Amino acid sequence: MTGAQRTILHADMDAFYVSVELRRRPDLAGKPVVVGGTGPRGVVAAASYEARRFGVHSALPSAVARRRCPHAVFLPGDHELYGEVSGQVHEVFGRFTPVIEPLALDEAFLDVTGARRLFGDGATIAHEIRRAIRDELDLGCSVGVATNKFLAKLASVDAKPTASPAGIEPGPGVFVIEHDEAQRYLDRLPVGRLWGVGPKTLEKLERIGVRTVRDLRGIDPPSLAAALGRSQADHLSALAVGADDREVESDRDAKSIGHEETYPHDKFTHEELSTELVRLADAVGRRLRDHGVGARTWTLKIRFSGFVTITRSTTTRDSVDDGFTIVELLRPLLEAIDPSPGVRLLGVSGSNLGEPTTQLSFDDLLTESGSDDLAGSEGSPKTGASDRAAATEALDSIRRRFGDGSIGPASAVRRGRLSTVRRGAQQWGPDQEERANDQEPPRPR
């Protein structure tokens, strides 16, 4: 099917996290509100349009946001709630088409080509989606309509409200780029609106006199390739004429599953980090089992206090889905790293996903046969694969019945309470409460 025949929507919720919070805090409506990590190492997840007037935006450090807008109300993120509401939003999308490609909790591509006969053209469907989300969920949504994903994404930006020091301008809510108007629309855009044009690429383009998409189309290919490299030049040349033949992928599988945490205070010892590794591995294993998959490639991510980030990976023969084995795989990688500069973030992720295929080793067979004198190097028995499977199933059973906080690694108990790893809880950095619960350790001399 050609691009001209398709109708693609890009639906993007307006200040999603803030808007969800305002439903339970209507007293904050009209005020500058910021959602994200509230601690000194937190980052902004979303800002109300009132806060955006002061230069507050997503991914901005929370400390900077406080300086720019000291009278803003800062709220910690509630990833579990946002996920629940996102599901309700996607249920609305699903009424119009099954071809939905989620990009995040608050945005998605929809291919409504096959729905036009039933619901009308793209603009009509977009307005119906916005109306349903507004009336049923009390949330705002902006929708871009075009013939491909690239143009639809651009259109949704133009559909949104805008905030400036002068005030807040409401957007149209739905913005349509017709096929025969696409080039005229593109030509007037600053070249920085194109996908893949970051600060460095923009600097290179401006150096050769390219500031708009029209300018980009006027540069001869050899000159553009000399400035950017052949691959980047070809990519931007295609976007400059609105070319994008990617399909809306409604069944994209996860490529990796992981958790990472930023700590209120740097950690300087292997002992501290080993405790965190156990917590993270337990949580990642649980998520893998919930998805019915295991991972063969395991990656340890470490960010030091100076924001230098390193990763170390290992790949196994079998797909792994239990925390015990994950720790065994990653602990040697952790112990080979010097933590003395101070570690501010630790992450664990599994990739190369597939059906769990852990097989019994020779030691496992010895353990299960009762040959304890042969199973351990010092005459003590090792834990076999079947023992781990039984222990993991017992853990999952208890958690299903009594909740995630009912059982976990002993090393994860802090101040008499189990410190569980919750998905999304640290997405925007540690909050003030986490900071209070984390005693600052003495720095090694």
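Predicted model, so just to flag it, every value in this text is computed and none were measured. Keep in mind that the numbers below use all heavy atoms, side chains included, and drop hydrogens, waters and symmetry copies.
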Minimum side-chain heavy-atom gap Leu224-Ile208 below 4.5 Å: yes
Does Glu261 form a salt bridge (charged side-chain N to carboxylate O under 4.0 Å, His left out) with Lys267? I'd like the steps, not just the answer. CA-CA 12 Å; Glu261 287 197 350; Lys267 299 187 181 296; over 6 Å; no
With distance as the sole test, does Arg68 use its side chain to make a donor-acceptor pair with the main-chain N or O of Gly55 at under 3.5 Å? yes
What I want to find out is whether Arg211 reaches Asp215 closely enough, with some N-O distance under 4.0 Å, to be called a salt bridge. no
Salt bridge between Arg53 and Glu50, side-chain N to carboxylate O under 4.0 Å? no
Give a yes/no verdict on a cation-pi contact between Arg344 and Phe304, requiring under 6.0 Å between NZ or CZ and the six-membered ring centre and an angle within 45° of the axis. no
Listed by chain and number, what are the salt bridge (charged side-chain N to carboxylate O under 4.0 Å, His left out) partners of Glu91, not counting sequence neighbours? Arg95
Check for a donor-acceptor pair, side chain of Ser62 on one end and backbone N or O of Gly37 on the other, with a separation under 3.5 Å. yes
Sidechain N-carboxylate O distance under 4.0 Å for Asp282, Arg286: no
Going by an N to O cut-off under 4.0 Å, is there a salt bridge joining Arg279 and Glu276? yes
Between Ser86 (side chain only) and Leu105 (backbone N and O only), is there a donor and an acceptor less than 3.5 Å apart? yes
Does the distance from a Lys or Arg side-chain N to an Asp or Glu carboxylate O, for Arg287 and Asp321, drop under 4.0 Å? no
Check whether Gln232 reaches the backbone of Gly196 with its side chain - one donor and one acceptor, N or O, closer than 3.5 Å. yes
Determine whether a donor-acceptor pair (N or O, by modelled atom type, separation under 3.5 Å) exists between the side chain of Asn148 and the backbone of Gly242. yes
May I have all residue pairs that pass side-chain hydrogen bond (donor to acceptor under 3.5 Å, both in side chains) and include part of residues 150-162, sequence neighbours excluded? His10-Ser156, Asp14-Lys160, Glu107-Lys153, Asp158-Tyr185
With sequence neighbours excluded, tell me which residues meet side-chain contact (heavy atoms from CB on, under 4.5 Å) with Ser164. Ala166
Say whether, by atom type as modelled, one donor and one acceptor occur between the side chain of Ser48 and the main chain of Lys31 under 3.5 angstrom. yes
Does atom CZ of Arg214 have more than 12 heavy-atom neighbours, drawn from other residues, nucleotides or ligands, at distances under 6.0 Å? no
Side chains of His90 and Pro102: does their closest heavy-atom pair fall under 4.5 Å? yes
Would you indicate whether the side-chain heavy atoms of Val157 and Leu154 approach each other to under 4.5 Å? no
Within 6.0 angstrom of Arg184 CZ, more than 12 heavy atoms from elsewhere: no
What is the minimum heavy-atom distance between Ala159 and Ser142, and which atoms define it? O-OG, 3.6 Å
Indicate yes or no: does Lys149 engage Glu101 in a salt bridge with an N to O separation below 4.0 Å. yes
Do the side chains of Asp121 and Thr7 get nearer than 4.5 Å, heavy atoms only? no
Is the closest side-chain heavy-atom distance between Arg217 and Leu186 below 4.5 Å? no
Ile129 backbone acceptor or donor facing Arg134 side chain under 3.5 Å: no
